[in-house]
Amino acid sequence: MSSAPASRKFVSVEGSDIHSRSKPDGFRFSLVSYNILAQVYVKSSSFPHSPSSSLKWKPRSNTILEVLKDLGADFFCLQEVDEFESFYKGNMQNLGYSSIYMKRSGQKRDGCGLFYKHDCAELLLEEKIEYNDLVKSIPDGNSSNDDDHTNIQTVHADKQKDVEPKNGSKSNTEDRGDPNDPRVRLKRDCVGIMAAFKFKDPSRHIVIVANTHLYWDPEWADVKLAQAKYLLFRLAKFKTLVSDRYECIPEVIVAGDFNSQPGDTVYQYLVSGNPSSNLMLNCLDESPPIPLCSVYASTRGEPPFTNYTPGFTGTLDYILFSPSDHIKPISFLELPDSDAADIVGGLPNFSYPSDHLPIGAEFEIIKEVDE
């Protein structure tokens, strides 16, 4: 028996009263990040706790679409998007969204999709990230690696052993080759998207939005850290390109499934450039090129989980932004409690079509005061 998809609301950041919300200081926009669970990974054996009919493509895809429509964000950063051409592109276009899609490398069938309301923002520039490019950084004839952006096999694996069990099931069929060969180790077919947008409000402010999905295996924390470093390295170059070409200082937002929990090295690296993070990074030899702050951590605290199954419950998804005088988060998407009736037993189900939850934030672009 099916039920309606769960409806979630944006909750005002503490201190934002009704007056300030009804009379904004500047232009507002919303962004949601959501690993929607690729249908190619949906098997009853991977999700024995889920009602079998909730896993079928037709009802599940319609529920995903209903969730996205209900959220109505100006930007969607979606991960594990398959059936892009056959389903999501056209259906999201009907809802007013244009899209950028990056399919994973190799034989993988899913990828990252960045959807944006074309009446809200104009696409200026885009770049796609293939983390397999990290293989090129390995010196020929030498298995050691001195590249600043990889440091492959120099970081001990994070302590968590059970991140994303459904992805663990993928590993049963994934021939990963020789794990001691860094060229093999870095070739994980993961991708990302970076895009610069100009808002169509009077401010014409420019924002960079990045969407990514890092490698899943907690035992390969060095690979995830290499990907995170490469992401911010590429993002810094992209920001410089946008700044020079459009003579501006763009805001920066990074969202996605980072397959890392708040205590993990990847998370610590991503936020370590923010002076208020107060994290001791004795395992890292440099700070990231762009300071980033987590929306949830800076407002309500990271949620206890964004992935919820009997085998694993934890936070893997984040929305990060580069703090500045011109942007601030003013609300965040509420998340269910672990004892909520519609998630008890684990996801996905009829109310939540993925094993992940959508996370979201509303930002305000602060008007510049004329001199």
Side-chain angles (χ1 to χ4, degrees), residues 8-13 15-34 68-78 89 92-100 113-127 193-211 235 238-256 290-296 298-299 319-334 358-371:
R8 308 240 64 91
K9 298 176 181 178
F10 284 87
V11 178
S12 178
V13 171
S16 295
D17 57 25
I18 298 299
H19 178 75
S20 66
R21 287 195 50 81
S22 61
K23 294 184 179 180
D25 295 326
F27 174 72
R28 290 175 174 175
F29 67 95
S30 55
L31 181 146
V32 164
S33 182
Y34 191 15
L68 300 179
K69 183 178 179 181
D70 180 61
L71 290 170
D74 297 307
F75 296 91
F76 281 107
C77 294
L78 304 184
K89 183 179 180 180
M92 290 298 282
Q93 195 164 2
N94 291 339
L95 295 177
Y97 293 88
S98 298
S99 55
I100 308 167
L114 204 171
F115 298 81
Y116 60 98
K117 283 185 178 177
H118 41 244
D119 64 351
C120 169
E122 170 193 355
L123 176 65
L124 299 178
L125 208 59
E126 66 176 88
E127 282 190 14
I193 300 169
M194 304 179 294
F197 299 92
K198 179 184 284 186
F199 288 115
K200 294 184 176 180
D201 76 303
S203 77
R204 309 294 284 169
H205 212 88
I206 293 177
V207 63
I208 291 172
V209 177
N211 175 25
L235 193 59
F238 186 65
K239 182 182 179 184
T240 299
L241 173 64
V242 172
S243 299
D244 293 346
R245 183 173 297 187
Y246 298 100
E247 298 181 339
C248 68
I249 302 177
E251 308 303 334
V252 177
I253 298 173
V254 186
I290 293 181
L292 293 172
C293 180
S294 164
V295 167
Y296 280 85
S298 65
T299 54
I319 298 173
L320 310 165
F321 70 103
S322 189
S324 82
D325 293 334
H326 302 295
I327 189 171
K328 65 177 181 181
I330 58 170
S331 68
F332 54 83
L333 188 63
E334 66 175 354
I359 59 173
E362 187 181 10
F363 295 91
E364 188 166 83
I365 299 292
I366 310 300
K367 293 177 182 177
E368 295 189 34
V369 178
D370 294 332
E371 298 288 347

Could you tell me the separation between the OH atom of Tyr34 and the CG atom of Asn211, rounded to the nearest 0.5 Å? 14.5 Å

Glu122 (side chain) donor-acceptor with Lys198 (main chain) under 3.5 angstrom: no

Looking at every non-hydrogen atom in both residues, tell me the closest pair between Ile206 and Cys248 and how far apart they are. CD1-SG, 3.7 Å

First locate atom CE of Met194, then atom CG of Leu114, and finally report the distance between them rounded to the nearest 0.5 Å. 11.5 Å

Specify the closest pair of heavy atoms between Asp70 and Arg8, including all atoms of both residues, with the distance to one decimal. OD2-N, 4.0 Å

Closest approach of Cys77 and Val209, non-hydrogen atoms and distance? SG-CG1, 3.7 Å

Hey, are the side chains of Leu124 and Val242 touching, using non-hydrogen atoms and a 4.5 Å cut-off? no

Over all atoms of both residues, closest heavy-atom pair of Gly72 and Lys117: O-NZ, 3.1 Å

Between Val252 and Val254, is any pair of side-chain heavy atoms under 4.5 Å apart? yes

Are Phe27 and Cys120 side-chain neighbours, meaning at least one heavy-atom pair lies under 4.5 Å? yes

Would one find more than 12 heavy atoms of other residues, nucleotides or ligands at under 6.0 Å from atom CD1 of Ile249? no

Asp74 (side chain) donor-acceptor with Ser30 (main chain) under 3.5 angstrom: yes

Name of the residue among Met92, His118, Lys89 meeting side chain to side chain contact (heavy atoms under 4.5 Å, CB included) with Ser99: Lys89

From Phe197, Phe199, Tyr97, residue fulfilling ring pair (Phe, Tyr, Trp, His ring centres under 6.0 Å) relative to Tyr116: Phe197

First locate atom CD of Glu127, then atom CD1 of Ile100, and finally report the distance between them rounded to the nearest 0.5 Å. 11.5 Å

Non-hydrogen side-chain atoms of Leu333 and Pro358 separated by less than 4.5 Å: yes

Tell me whether the count of non-hydrogen atoms from other residues, nucleotides or ligands lying under 6.0 Å of NZ in Lys200 goes above 12. yes

Quick one: OG on Ser331 to CD on Glu364, what's the gap to the nearest 0.5 Å? 10.0 Å

Please walk me through it: do Leu78 and Leu68 pass side chain to side chain contact (heavy atoms under 4.5 Å, CB included)? CA-CA 10 Å; Leu78 304 184; Leu68 300 179; 4.0 Å; yes

Between Leu71 and Phe76, does a side chain to side chain contact (heavy atoms under 4.5 Å, CB included) hold up when you go through it step by step? CA-CA 10 Å; Leu71 290 170; Phe76 281 107; 4.1 Å; yes

Within 6.0 angstrom of Asp325 CG, more than 12 heavy atoms from elsewhere: no

Atom pair OG (Ser324) and CD1 (Ile365), whose distance is rounded to the nearest 0.5 Å: 7.5 Å

Which residue is it: Leu320, Ile327, Ile208, Leu292? I am looking for the one with a side chain to side chain contact (heavy atoms under 4.5 Å, CB included) to Ile253. Ile327

For the residue pair Phe332 and Tyr296, does the interplanar ring angle fall in the parallel (under 30°), tilted (30 to 60°) or perpendicular (over 60°) class? tilted

Which atom pair, heavy atoms only, marks the closest approach of Phe10 to Gly360? CE2-C, 3.7 Å

For Ser298 and Pro329, the nearest pair of non-hydrogen atoms, with its separation, is OG-CG, 4.5 Å

Side chains of His205 and Glu251: do they bring a donor and an acceptor to under 3.5 Å? yes

Got Phe321 and Leu31 here, is their nearest side-chain heavy-atom distance under 4.5 Å? no

